[in-house]
Amino acid sequence: MCGIVGYIGHKKAYPILVKGLQRLEYRGYDSAGVALISDGGHLNVYKAKGKVADLEAYCEDKDTTGCAGIAHTRWATHGEPSSTNAHPHYSASGRLALIHNGIIENYLTLKEKLISFGIPFKSVTDTEVLVQLIEHVMLSNSLTLLEAVQVALHQVIGAYAIAILDREHPDGIVCARQSSPLVVGLGADGDFYLASDASPIAEYTDTVAYLNDGDIAVLQLGQELKVVNIDNEAQHPKVKQIDVTLGQLEKGGYPFFMLKEIFEQPACLRDCMRGRINVDADRITLSAVIDYRECLVSARRIVIVACGTSWHAGLIGKQLIESLCRIPVEVEYASEFRYRDPVIYPDDVVIAISQSGETADTLAAIELARQAGAFVFGVCNAIGASIPRQTQTGVYIHVGPEIGVASTKAFTGQVTVLSMLALCIAHERGTIRDDQYREMVRELTLIPAKMEEALLRNEQIERLAPIFTYARNCLYLGRGYNYPVALEGALKLKEISYIHAEGYPAAEMKHGPIALIDSEMPVFVIATRDHLYDKVISNIQEVRARGGRITAIVTEGDTQIQKFADHIIVLPDTFECFQPLIASIPLQLLAYHIAVCKGKDVDRPRNLAKSVTVE
Ligand code: F6R
């Protein structure tokens, strides 16, 4: 995920900026850059693909003087990772340099307009559009930088945290935020620090102002912090004293990345849907479906290949695609598929799902499918990874780097992309009614808010967790869309708490695992209200009759299940097919809190790697 650092004051800016970028490295990125107004009054921009260390190496023989600068780590969204696409971006005249976190949704429309005025573009990023727009507005109307930013942001749709340097005014930085965080640090000597989170600032000052959405701040040397909105009305962001260690700050105040990533999910899913679902929330546009409509719409069969958590997302994708698009779907472990001599037809669509985009087995499965002439579609998180490069097309999940080894936000991101994909294909194939399509698209946009409600169960789950610490085995049961949720819940527990757990289709339990049930066996049942609800109640009773200890995940308003369960966790209602997005949250939290109670290193579980690049 992109990171921002800025400094203006009496010290040399470059070392502060580089150190700040290093503090943001934990967010993951693919390129870095810095802009400085040198002692000689030049606006110098230096950028490099790769690590901050690569940027430092590049800058070794460059002029890095100056007490004003902005710097950025980029995690590619629009355009591949490269030094050209890295930030900062110069304006056409070279007077301004701008860095940006977020996504400008209407950048193509703005870009076309700017090109028609003869403004050249060097990169394919949405960010360059911003700097060109601001300069164009500034020069053609003789405005100050602040005024130009206000006018330009009136035209912009999307999310941004931006910072801008103006060569003609070397004693100031203008910055703004909308749906992307920005923190200003107030130094004791009148210096200003700026960053996308407080970690690069904390070692210089403990006094910070967190900008609010719509705020535009002017950091002017020798003056108080000035904050206004796009209509130039004064704003008063709260100035706070921060009292946290750097380690905590990098994790956004959470003790582990996994917990941070669980809590990030509502924001991540908004990012995932942004620019794909329109503002009226009634249409999904996936460019991959537009570009390859024929292949997708006329697919005779879809084969999903993936591993681990991504395979669980695939099982949910299967149900979505089969029920909405009426195309048969098979879900394969990539490691089995690649060695099984599978039947692959040239009119098959193979969907490869992978968070890292580097999983060796999934890559091998893709190669096999390509050789057989199938159309291969990728669902990936890591931009520019091998899987997006080796598939004909695909959709990024855009949930930002996942650092905790146990996958959480990538899973819900994958399910969200598969939901959008299924709805798009179904709409194109005419296997869904128009009103039904619109209703489902709208419901999908409500999922982040419902996830926020589900996250309110955190304290309850934290209190429950110690009860399960001594379990040696746990059983997770679910049916229909909730069966993969049970599998994923069990996998999360195994991975980080080292308690053995099995996910099972609830009705299948009586064909074997029921023998394991006794009063020491915790059984987690996902029993949300869907068309199998009554059947699941019967399964709960079967467990109850054998002394099993039941924790049930239920829908709000449920009055039945509490009669049979030891504990219930209540979730907001949604459509059956989107329930996995909500029901996964308490199971992620449960695994997390149980592992913490057991004193495990949640982010780095033993024997596991974040990216499995060996078969
Ligand atoms: C579980 C987990 C793994 C991965 C699997 C595939 O929490 O993270 O099971 O899902 O190794 O990895 P990707 O999705 O990167 O292909």
Side-chain angles (χ1 to χ4, degrees), residues 2-9 35 37 43 68-72 87-89 91 95-107 110 126-187 190-198 201 207-240:
C2 304
I4 281 179
V5 191
Y7 172 75
I8 185 151
I37 300 183
L43 176 56
I70 53 177
H72 191 261
H87 306 194
H89 287 282
S91 60
R95 174 176 160 177
L96 305 181
L98 178 144
I99 54 179
H100 164 225
N101 286 359
I103 294 177
I104 304 304
E105 287 171 28
N106 60 336
Y107 82 104
L110 294 170
D126 52 339
T127 300
E128 196 183 0
V129 172
L130 270 181
V131 72
Q132 305 302 6
L133 177 66
I134 292 168
E135 182 177 80
H136 173 70
V137 167
M138 184 168 76
L139 299 183
S140 45
N141 301 291
S142 305
L143 300 178
T144 64
L145 177 58
L146 171 63
E147 289 165 342
V149 168
Q150 288 168 322
V151 172
L153 292 184
H154 264 292
Q155 301 177 36
V156 165
I157 301 170
Y160 50 78
I162 54 171
I164 312 151
L165 273 186
D166 180 356
R167 190 183 55 203
E168 305 299 314
H169 296 282
D171 51 355
I173 296 175
V174 174
C175 55
R177 87 154 260 180
Q178 180 65 48
S179 307
S180 190
L182 209 48
V183 190
V184 178
L186 309 172
D191 296 5
F192 290 106
Y193 302 84
L194 176 70
S196 40
D197 68 43
I201 296 177
T207 309
V208 299
Y210 287 91
L211 298 188
N212 296 312
D213 276 349
D215 284 354
I216 304 173
V218 182
L219 320 184
Q220 185 75 34
L221 211 52
Q223 292 182 15
E224 300 259 294
L225 174 67
K226 173 177 170 178
V227 183
V228 293
N229 64 11
I230 47 175
D231 298 318
N232 209 33
E233 293 154 346
Q235 304 296 307
H236 306 283
K238 280 209 178 89
V239 175
K240 290 186 186 162

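What's counted below: heavy atoms across the whole structure, side chains too, no hydrogens, waters or symmetry copies. This structure is a prediction, so every number in the text was calculated from the model and none was measured.
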Could you work out, with side-chain hydrogen bond (donor to acceptor under 3.5 Å, both in side chains) as the rule, every residue matching [X], not counting sequence neighbours?
X: Tyr107; result: none
X: His236; result: none
X: Asn212; result: none
X: Gln150; result: Asn232

| message | Once salt bridge (Lys or Arg N to Asp or Glu O under 4.0 Å) is applied, do any residues pair with Asp191, and if so which ones, sequence neighbours excluded? | response | Lys11
State whether the side chain of [X] and the backbone N or O of [Y] hold a donor-acceptor pair below 3.5 Å, judged by distance alone.
X: Gln235; Y: Glu233; answer: yes
X: Ser196; Y: Gly3; answer: no
X: Asn229; Y: Asp231; answer: yes
X: Asp166; Y: Glu168; answer: yes
X: Arg177; Y: Ala161; answer: no

Identify, with sequence neighbours excluded, every residue that meets side-chain contact (heavy atoms from CB on, under 4.5 Å) alongside [X].
X: Arg167; answer: Leu43, Arg95
X: Thr144; answer: Leu146, Glu147
X: Gln155; answer: Leu110, Lys113, Leu133, Val137, Val151
X: Ile230; answer: Leu153, His154, Ile216

[X] vs [Y] side-chain heavy atoms within contact, under 4.5 Å:
X: Met138; Y: Leu96; answer: yes
X: Ile70; Y: Ile173; answer: yes
X: Leu186; Y: Phe192; answer: yes
X: Leu211; Y: Pro237; answer: yes
X: Leu182; Y: Leu194; answer: yes
X: Ile134; Y: Ser91; answer: no

| request: List in chain and number order the residues that pass ring-ring contact (aromatic ring centres under 6.0 Å, His included) with His136, two or more places apart in sequence or in another chain; answer none if no residue qualifies. | output: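 In terms of ring-ring contact (aromatic ring centres under 6.0 Å, His included), with neighbours along the sequence ignored, His136 is linked to Phe117.
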| message | Could you work out, with ring-ring contact (aromatic ring centres under 6.0 Å, His included) as the rule, every residue matching His72, not counting sequence neighbours? | response |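 Checked His72 against ring-ring contact (aromatic ring centres under 6.0 Å, His included); matches are His87.
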| note | From the list Thr127, Ile157, Val129, Leu130, side-chain contact (heavy atoms from CB on, under 4.5 Å) with Ile104 holds only for Leu130
| Between atom CD1 of Ile8 and atom CG of Leu165, what is the distance when rounded to the nearest 0.5 Å? |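 Result: 7.0 Å between the selected atoms.
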| query | Just how far is it from atom CD1 of Ile164 to atom NE2 of His89, taken to the nearest 0.5 Å? | reply | 13.0 Å
| task | Compare every heavy atom of Ala68 with every heavy atom of Pro170, then report the nearest pair and how far apart it is. | result |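 Shortest heavy-atom contact: O-CB, 3.5 Å.
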Check: residues 219-226 side-chain donor-acceptor pairs under 3.5 Å, at least two apart:
residue	atom	partner	partner atom	Å
Gln220	NE2	Asp171	OD1	3.2
Gln220	NE2	Asp171	OD2	3.3

| message | Please determine whether side chain to side chain contact (heavy atoms under 4.5 Å, CB included) holds for the pair Val131 and His100, giving the CA-CA distance in whole Å, both sets of side-chain angles, and the decisive distance to 0.1 Å. | response | CA-CA 10 Å; Val131 72; His100 164 225; over 6 Å; no
